[in-house]
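I am attaching a structure below and will ask some questions about it afterwards.
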Amino acid sequence: KIESLNFSVSFHSFSLPLDLHCHEIHIPGSSFGREHVMVEMRFSSSLFTAATLLAAARSVHGNMYDVAMPLYRPSCANGCLPWSEAGSSTSTNLTQAEIDAFFIGGAAGAASTGSSCAMPGARAGTNEKDCGLHCDPHGTNTWQDIYDSYAGPWCFCKDPLAGAENSSQYCVPALDTPEQINLQYASPSAVVVGFVTYEVNGSAANESSAPPQAILWQPGHLTHHLQSSNVTVLGVSHRYAPPGRNGTAAAAVDTALNTLPYMMHYVTLAVVPGGEYRYRVRSGAVGARWSEDFEFRAPGANSSAGARVTRIATYGDMGHTQYNCMDNLQSDAANGLVDLVVHMGDHCYNLGQSDDRRGDAYMNAFQPLLTQLPWFPIIGNHEATHVLKPGETRVGDGDSGHHYEAIAWGEAYGVAGPNIPFPGGPVAQSSPVPRRVGSTATTALGHHLAAGTLYGMGTHGPLPSNTSRYTSADIGLIHMVGLDLNNLDPAQLAWLEADLEIANANRATTPWIMVASHFPLFHSRTSANANMSAAHYTGDEKMGDYAVDGNKMKFTPLDDATCGGEAAGPEAAVRPACETVGEFQARLAEQLQPLFRKFGVDLYNAGHVHSYESTWPLCDFLTGALCRDANGTWLQSMNEPQGTVHITEGNGGVPGVPGTFSATSCTVPPGGDRGGWPGCRMTGTGGAYGRIEATPTTLTYNRVANNGGGKITDSFTIVQHHHGPFPAQPPLA
């Protein structure tokens, strides 16, 4: 049920009734070509104010978007002030112009949000510091950082109660209502939709016995007679109750800003590559509310001028911050430029902060994108940390210090190996009684990401890994592998070799092999700081203490008190705190480089260093050395490469990244100045992401600036007609 439709453009603002079957809407007194038009749709059963495209193509803004959540309930006794009028209240101590500036949409954004709880985009990520729900780095206003939406949607209170309420307060989730909805890619024939609900009787004893549901509309049935051409798919649920989230009464949500545990739901949708689908979801609770309808296109079956094309986006290190890539990717998805996004670790900054509400805010901010664009999440060091930093109340990804490896291993749900229930399969299937699931995960978002990946790629990839720590999937013309380099253990290495062998034998169908993880295998900054501490380099930085520009990344020497000034060497396993960056990189190269050459891995992509760097094809991951032809000539070319091209795209939008960007060549001639690395090709700064377009014989990488109106700051094309193992290198003269 759509209650109203409001248009907000630069020269008109009006309301009109909406006919569900209308195909054109005339905007009085105007003529539209390909301009950007935002349509606000208020659904009676939706948590979100959804943005829809009316124009033929959407322009790129390059910022975080504003997120309104009208079904979240204010914690203010008298409700919320309208955003466009809050400046006239003496309690806010802000002018209306200052409040309007919180919104990406400015005054129009504030007006269109009404009095709904919201996460205004222009303040997102301004202050990143874990001080719970009442945070202020300056100590003058204990509620100041609410303006950054650090722990979720909020509003200005109407007539705040003296001595009991502040002028601004966080809002409370709606009960039995889907949120944090996201599509995780499983295989060419399956996509997993995951979502969260909060239920009053969300205890183990009272958990609903009914499975979650999705209604899926098939290709060719996306208009008219929707109710007669759909199928219902059932899934599985599990409950997660981190410390402080064990409430079981309705009053708990009102008095403690949501003390209810999480109910996490996963439903597998059977799809056809390239098919367009509409879906909605709800939990199995009595009286559960349906989500609004969402649409997506299944990845893997694009064509251009008769040729097969695969289009994906990649980046690492992105949180809920103003200059991230969420809005760009929405535009790219709407314009058909990408069909899937790969996030290479360091989600949110940080998932477990503010009693897991930081992770909730991130996933709710991500929902408008991830409900229409499937993603492939990969673990980063912020998801694997276990070290509490001074001044922090919780570690980056856990309430008790467990890293993401423990989270991922715990997602076996008490069912061993390939017997893990996978509720997809035939479109008309019905699910068995949902399994109760056990987990060692300690953050809500850790559960949500790990379980979705497990139910998807972890049990449905070309070679199921039965874990969300590492996994793989065929995405059109690209075989994508995601690794966990926080702990490259023997089991992962054995799985990787077997997976790459299968992928290499399937080159006729999927010619390109791309491996991704969080840590670079070669980067000029790690090479230049090889004698520094690996524990510091791979650890979880204290919030606000990391470099928003990877070229200024901080490295620290080994701790003399622990290491006596000596590196770990062969004792790294027993003295990990004494391992150097160079030793860490050498260990990875020793384990991975032979496999990459044996099976011809075309592209390696990573994050972690908060900047951009691309290489020429490399034959030595440790030194950055180029490959050579049969005559011993150094090859500084993307044509028919004989080694892996390495990309670090490590700033999808870290908190605090400025809205500026650059790109600079780092190429030096082979045998030239050893102050540079001949393998280094290009470096760049600022928030950005990669757009990859692959055909059977070409793979083009475009680096797109987050805040550049879609500006491509670097581009190269790999040409490969002979996919497969790389040839042996001739001996050096």
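These figures come from a predicted structure and were not determined experimentally.
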Are any side-chain N or O atoms of N324 and backbone N or O atoms of M318, one a donor and one an acceptor, separated by less than 3.5 Å? no
Look only at the side chain of S665 and the backbone of T667, and say whether a donor-acceptor pair between them is shorter than 3.5 Å.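 Such a contact is found between S665 side chain and T667 backbone.
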Quick one: do V341 and L370 satisfy side chain to side chain contact (heavy atoms under 4.5 Å, CB included)? Show the steps, please. CA-CA 9 Å; V341 60; L370 295 184; 4.2 Å; yes
Would you say the rings of F522 and F621 are close, in the sense that their centroids are separated by under 6.0 Å?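 No - the distance between ring centres of F621 and F522 does not fall below the 6.0 Å cut-off.
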Is there a donor-acceptor pair closer than 3.5 Å between any side-chain N or O of D602 and the backbone N or O of I513?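 Side chain of D602 to backbone of I513, a donor-acceptor pair under 3.5 Å: yes, one is there.
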Report yes or no: do T683 and T664 form a side-chain donor-acceptor pair below 3.5 Å? no
Does the side chain of F596 come within less than 4.5 Å of V515's, by heavy atoms? yes
On a heavy-atom basis, which atom in D620 and which in L622 lie closest, and how many Å separate them? OD1-N, 2.9 Å
Is M532 close to T556 at the side-chain level, that is, under 4.5 Å between some pair of heavy atoms? no
Test item: Q322 side-chain N/O and V657 main-chain N/O as donor-acceptor pair under 3.5 Å: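 Side chain of Q322 to backbone of V657, a donor-acceptor pair under 3.5 Å: no, none is there.
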Once you round to the nearest 0.5 Å, how far does CG of N706 lie from CG of N651? 7.5 Å
Does R357 count as lying over the ring of Y170, i.e. NZ or CZ under 6.0 Å from the six-ring centre, within 45 degrees of the axis? no
For C680 versus E613, what's the shortest heavy-atom pair and its separation? SG-CD, 3.8 Å
Mind checking the CG-CG spacing from L340 to L183? Nearest 0.5 Å is all I need.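 L340 CG to L183 CG: 10.0 Å, rounded to 0.5 Å.
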Can you confirm whether C619 sits close enough to R597 that some side-chain heavy atom of one is under 4.5 Å from a side-chain heavy atom of the other? yes
Point-to-point distance, once rounded to the nearest 0.5 Å, from CG of N702 to CZ of R691: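 These two atoms lie 6.0 Å from each other.
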Student check: side-chain heavy atoms of E579 and R587 closer than 4.5 Å: yes
Would you say that P120 contacts S149 through its side chain, given a criterion of any heavy-atom pair below 4.5 Å between the two side chains?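 Result yes, sub-4.5 Å side-chain heavy-atom pair found.
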Please find the pair of heavy atoms, one from K552 and one from R525, that lie closest to each other, and give the distance.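 That would be C-NH2, 4.2 Å.
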Set out, in order, the CA-CA distance, both residues' side-chain angles and the distance that settles side chain to side chain donor-acceptor pair (under 3.5 Å) for N381 and T538, then state yes or no. CA-CA 6 Å; N381 63 295; T538 60; over 6 Å; no
Looking only at non-hydrogen atoms, find the nearest pair between M119 and H320 and report the distance.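 Heavy-atom minimum between the residues: SD-CE1, 3.9 Å.
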Can you measure from OH (Y315) to CG (D346) and round to the nearest 0.5 angstrom?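 Atom-to-atom, Y315:OH and D346:CG are 12.0 Å apart.
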Looking at residues at least two apart in the chain, or sitting in another chain, which of them share a ring-ring contact (aromatic ring centres under 6.0 Å, His included) with F519?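 For F519 the ring-ring contact (aromatic ring centres under 6.0 Å, His included) partners, ignoring immediate neighbours, are F584, H608.
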Donor-acceptor under 3.5 Å (N707 side chain, G659 main chain):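 A pair under 3.5 Å: yes.
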H343-F376 aromatic ring centre distance below 6.0 Å: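 H343 vs F376: aromatic centres not under 6.0 Å.
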Could you walk me through whether T644 and L603 pass side chain to side chain contact (heavy atoms under 4.5 Å, CB included), step by step? CA-CA 5 Å; T644 303; L603 193 67; 5.6 Å; no
Between atom CG of L592 and atom CG of L493, what is the distance when rounded to the nearest 0.5 Å? 6.0 Å
So which atom in S533 and which in P557 form the shortest heavy-atom distance, rounded to 0.1 Å? CB-O, 3.8 Å
Among D484, I379, D317, N486, find the residue that satisfies the side-chain contact (heavy atoms from CB on, under 4.5 Å) test when tested with H518.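 The passing option is D317.
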Which label fits Y604 and H646: parallel for a plane angle under 30°, tilted from 30 to 60°, or perpendicular past 60°?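 The rings of Y604 and H646 sit tilted, inter-plane angle from 30° to 60°.
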Could you walk me through whether M64 and D327 pass the side chain to side chain contact (heavy atoms under 4.5 Å, CB included) check? CA-CA 6 Å; M64 179 64 215; D327 191 63; over 6 Å; no
Between the main-chain N or O of A625 and the side-chain N or O of T623, is there a donor-acceptor pair closer than 3.5 Å? yes
D714: salt bridge (Lys or Arg N to Asp or Glu O under 4.0 Å) partners, not counting sequence neighbours: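 If we apply the salt bridge (Lys or Arg N to Asp or Glu O under 4.0 Å) test to D714, skipping adjacent residues, the hits are R681.
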For D499, side-chain hydrogen bond (donor to acceptor under 3.5 Å, both in side chains) partners two or more places apart: S472, H479
When you compare the side chain of V548 with that of P658, does any pair of heavy atoms fall below 4.5 Å? yes
Do Q593 side-chain atoms and E590 backbone N/O form a donor-acceptor pair below 3.5 Å?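 No.
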Go through the steps to decide whether L500 and V601 satisfy the test side chain to side chain contact (heavy atoms under 4.5 Å, CB included), and finish with yes or no. CA-CA 8 Å; L500 291 178; V601 173; 4.2 Å; yes
Spacing of N551 atom CG and D549 atom CG [to the nearest 0.5 Å]: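 Rounded to the nearest 0.5 Å, the CG-CG separation comes out at 4.5 Å.
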Applying side chain to side chain donor-acceptor pair (under 3.5 Å), run through Y323 and T321 and close with a yes or a no. CA-CA 6 Å; Y323 294 119; T321 187; over 6 Å; no
With a 6.0 Å cut-off on ring centres, are W495 and Y470 close enough? yes
Does any non-hydrogen side-chain atom of L618 lie less than 4.5 Å from one of V645?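 No, side chains not in contact.
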Any donor-acceptor pair under 3.5 Å from Y65 side chain to A365 backbone: yes
Does N605 reach the main-chain N or O of T314 with its side chain, forming a donor-acceptor pair under 3.5 Å? no
Taking all non-hydrogen atoms of both residues, which atom of S611 and which atom of G684 are closest, and how far apart? CB-O, 3.2 Å
Residues E497, K598: salt bridge by 4.0 Å N-O rule: yes
Hey, does Y689 have a side-chain heavy atom less than 4.5 Å from the side chain of L329? yes
Between E649 and Y701, is there a side-chain donor-acceptor contact under 3.5 Å, judged purely by atom types and distance?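 Y701 vs E649: donor-acceptor pair found between side chains.
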Judged by atom type as modelled, is there a donor-acceptor pair below 3.5 Å linking the side chain of H347 to the main-chain atoms of I378?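 Yes, because the side chain of H347 sits within donor-acceptor range (under 3.5 Å) of the backbone of I378.
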